[in-house]
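Predicted, not measured: the structure shown is a model, and the values here were computed from it. Heads up: numbering here begins at 1 and tracks the sequence.
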Amino acid sequence: MRLEGHKALITGGASGIGAAIARRLAAEAAMVVIGDLNAEGAREVASEFGGEAVGLDVTETAYAAAVVEELGPFEILVNNAGMDEFGFFTETDPGMWERVIAVNLGGVLACTHAVLPAMQQAGYGRIVNIASEAGRVGSKGSAVYSAAKGGVIAFTKTIARENARFGITANAIAPGPIDTPLLRRAAELGEIGERVIETMKGATQLRRLGEPEEVAAAVAFLASDDASYVTGETLGVSGGLGMV
């Protein structure tokens with residue numbers, strides 16, 4: 001019950017890691033609001049624990065501001081919404097760059113900008129950004145995604161520095177290969193996709209895919225007062241993939 005009395009906004013919570021985070025924070029007694037482009041999927045997850053759901057396009061700053069105005073303020077923000085379009089960089093185009101950066105980095109900026117004023121006024125806040133080990137070590141076929149997630153890590157550190165005086169912490173989590181719909185879409189590439197997944201497994205020390213619930217457990221820690229002296233950090237939940 002570490003999060004009792006706190007309201008949390010989780011972006012991209014209709015499936016995968018986001019849904020696992022929503023369930024875990026609700027189990028820790030947080031009041032959970034799920035924002036997702038897939039509003040119906042968000043409502044299905046929220047209905048499991050009596051939470052709220054709203055359609056949210058994180059690439060539109062006005063959407064994020066409207067959600068905070070209608071359903072906030074929030075003591076906890078989990079920027080989880082993300083997407084990728086697999087392809088080696090020379091095979092990509094500026095339209096793809098814009099789409100991937102808009103969701104993975106622009107969405108973090110928009111939602112953080114929307115929630116911060118109320119957190120500052122309250123003198124309390126927990127921001128957890130879902131980055132990726134790709135943002136620290138790179139990932140073949142995901143150059144733009146890696147760049148965006150690297151930006152999330154740098155942004156997290158800056159927000160931690162700027163807002164410590166307000167009692168707000170900001171941390172990132174860098175998942176490795178997690179068994180989610182996003183990763184499984186790689187299998188749709190046929191033999192190439194399967195090889196990508198097996199290569200990812202082999203890059204971890206534990207030689208397996210992670211589970212969404214393992215990421216959710218780390219989020220619950222960073223969102224709680226158990227992590228009150230942790231800020232500006234990037235926690236790898238990656239089976240040792242990013243270990244140096």
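- Residue pairs meeting the salt bridge (Lys or Arg N to Asp or Glu O under 4.0 Å) criterion with at least one partner in residues 9-25, sequence neighbours excluded, are Arg23-Glu48, Arg24-Glu28.
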Quiz item: Between Ile10 and Leu25, is a side-chain contact (heavy atoms from CB on, under 4.5 Å) present by the stated rule, with each step listed?
Solution: CA-CA 10 Å; Ile10 302 165; Leu25 298 196; 4.0 Å; yes
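- Counting all heavy atoms, side chain and backbone alike, Leu235 lies closest to Arg136 at C-NH2, 4.5 Å.
- If you chain together hydrophobic residues whose side chains sit under 4.5 Å apart, Leu109 and Tyr63 fall into the same group.
- Shown here is Arg165, whose CZ atom has no more than 12 heavy atoms of other residues, nucleotides or ligands within 6.0 Å.
- Nearest heavy-atom pair across Ala14 and Ala19 is C-CB, 4.1 Å.
- Checking Leu71, Val67, Val32 one by one against Leu9, the side chain to side chain contact (heavy atoms under 4.5 Å, CB included) holds for a single residue, Val67.
- Side-chain heavy atoms closer than 4.5 Å link hydrophobic residues (I, L, V, M, F, W, Y) into clusters, and following such links, even through other members, never connects Leu222 to Leu116.
- Look at Arg2 and Asp226 and you find a salt bridge, because one of the NZ, NE, NH1 or NH2 atoms lies within 4.0 Å of a carboxylate O, short of that distance.
- Both Val58 and Trp97 are assigned to one and the same hydrophobic cluster, defined by single-linkage of ILVMFWY side chains at heavy-atom distances under 4.5 Å.
- Taking 4.5 Å as the limit, every side-chain heavy atom of Leu37 sits out of range of all side-chain heavy atoms of Leu56.
- By the 4.5 Å heavy-atom criterion applied to side chains, Val33 and Lys7 are counted as neighbours.
- With a 4.5 Å cut-off on side-chain heavy atoms, Thr199 and Lys140 do not count as touching.
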Quiz prompt | side-chain contact (heavy atoms from CB on, under 4.5 Å) evaluation trace for Ile127 with Thr169 | solution = CA-CA 6 Å; Ile127 297 172; Thr169 66; over 6 Å; no
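- Counting only distance, with no hydrogens or angles, the side chain of Ser146 and the backbone of Ser139 share a donor-acceptor pair below 3.5 Å.
- No donor-acceptor distance shorter than 3.5 angstrom exists from the side chain of Arg43 to the backbone of Ala53, with no hydrogens or angles considered.
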Let me have the donor-acceptor pairs involving side chains of residues 212-220, under 3.5 Å, with sequence neighbours excluded, atom names and distances please.
from, atom 1, to, atom 2, distance (Å)
Glu214, OE1, Arg208, NH1, 3.3
Glu214, OE1, Glu211, N, 2.8
Glu214, OE2, Arg208, NH2, 2.8

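- Linking Ile, Leu, Val, Met, Phe, Trp and Tyr whenever their side-chain heavy atoms come within less than 4.5 Å leaves Val103 and Ile21 in two separate clusters.
- The minimum heavy-atom distance between Val152 and Leu105, with the atom names listed, is N-CD1, 3.8 Å.
- In this structure, Ile153 CD1 and Ser132 OG are separated by 7.5 Å, a value rounded to the nearest 0.5 Å.
- You'll find the side chain of Leu3 reaches within 4.5 Å of the side chain of Ile76, heavy atoms only.
- For the atom pair CD1 of Ile130 and CG of Asn80, the computed distance is 5.5 Å after rounding to the nearest 0.5 Å.
- Legend: ring-ring contact (aromatic ring centres under 6.0 Å, His included) pairs involving residues 117-174, not counting sequence neighbours, sorted by first then second residue: His6-Tyr124.
- At a threshold of 4.5 Å between non-hydrogen side-chain atoms, the residues Val100 and Met96 count as touching.
- Rounded to the nearest 0.5 angstrom, Glu52 CD and Ser47 OG are separated by 13.0 Å.
- Thr11 is not listed as a side-chain neighbour of Asp36, based on a closest heavy-atom distance of 4.5 Å or more.
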Practice problem: Before giving the answer on side-chain contact (heavy atoms from CB on, under 4.5 Å), spell out for Leu209 and Lys201 the whole-Å C-alpha distance, their side-chain angles and the decisive distance to 0.1 Å. | Solution: CA-CA 6 Å; Leu209 298 179; Lys201 288 182 185 178; 3.8 Å; yes
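- Distance check, rounded to the nearest 0.5 Å: CE of Met83 to CG of Asn104 gives 7.0 Å.
- Within the 3.5 Å criterion, the main-chain N or O of Gly138 finds no donor-acceptor partner in the side chain of Ser142.
- Atom CZ of Arg161 sits about 12.5 Å away from atom OG1 of Thr156, to the nearest 0.5 Å.
- By the neighbour-count criterion of 12 heavy atoms within 6.0 Å, atom CD of Gln205 is densely surrounded, having more than that number from other residues, nucleotides or ligands.
- Nearest heavy atoms, Gly87 versus Thr92: O-CG2, 3.9 Å.
- Annotation: side chain of Thr112 is in contact with side chain of Asn79 (closest heavy-atom distance under 4.5 Å).
- Between the side chain of Lys149 and the backbone N or O of Ala134 there is no donor-acceptor pair closer than 3.5 Å.
- Scanning both residues, Gly232 and Asn171, for their nearest heavy atoms gives N-OD1, 3.2 Å.
- Scanning both residues, Thr234 and Ala174, for their nearest heavy atoms gives CG2-CB, 3.8 Å.
- Ile34 and Val128 fall within the same hydrophobic cluster, where Ile, Leu, Val, Met, Phe, Trp and Tyr residues are linked whenever their side-chain heavy atoms come under 4.5 Å apart, directly or through other members.
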Exercise. Run the numbers on Met119 and Glu75 for side-chain contact (heavy atoms from CB on, under 4.5 Å), then give the verdict.
Key: CA-CA 6 Å; Met119 287 183 175; Glu75 290 81 27; 5.7 Å; no
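- Ile159 is not listed as a side-chain neighbour of Asn129, based on a closest heavy-atom distance of 4.5 Å or more.
- The closest donor-acceptor contact from the side chain of Thr231 to the backbone of Ala170 lies under 3.5 Å.
- Formation of a donor-acceptor pair under 3.5 Å by the Asn38 side chain with backbone atoms of Gly41 is found in this model.
- In Glu4, the CD atom is not crowded: 12 or fewer heavy atoms of neighbouring residues, nucleotides or ligands sit closer than 6.0 Å.
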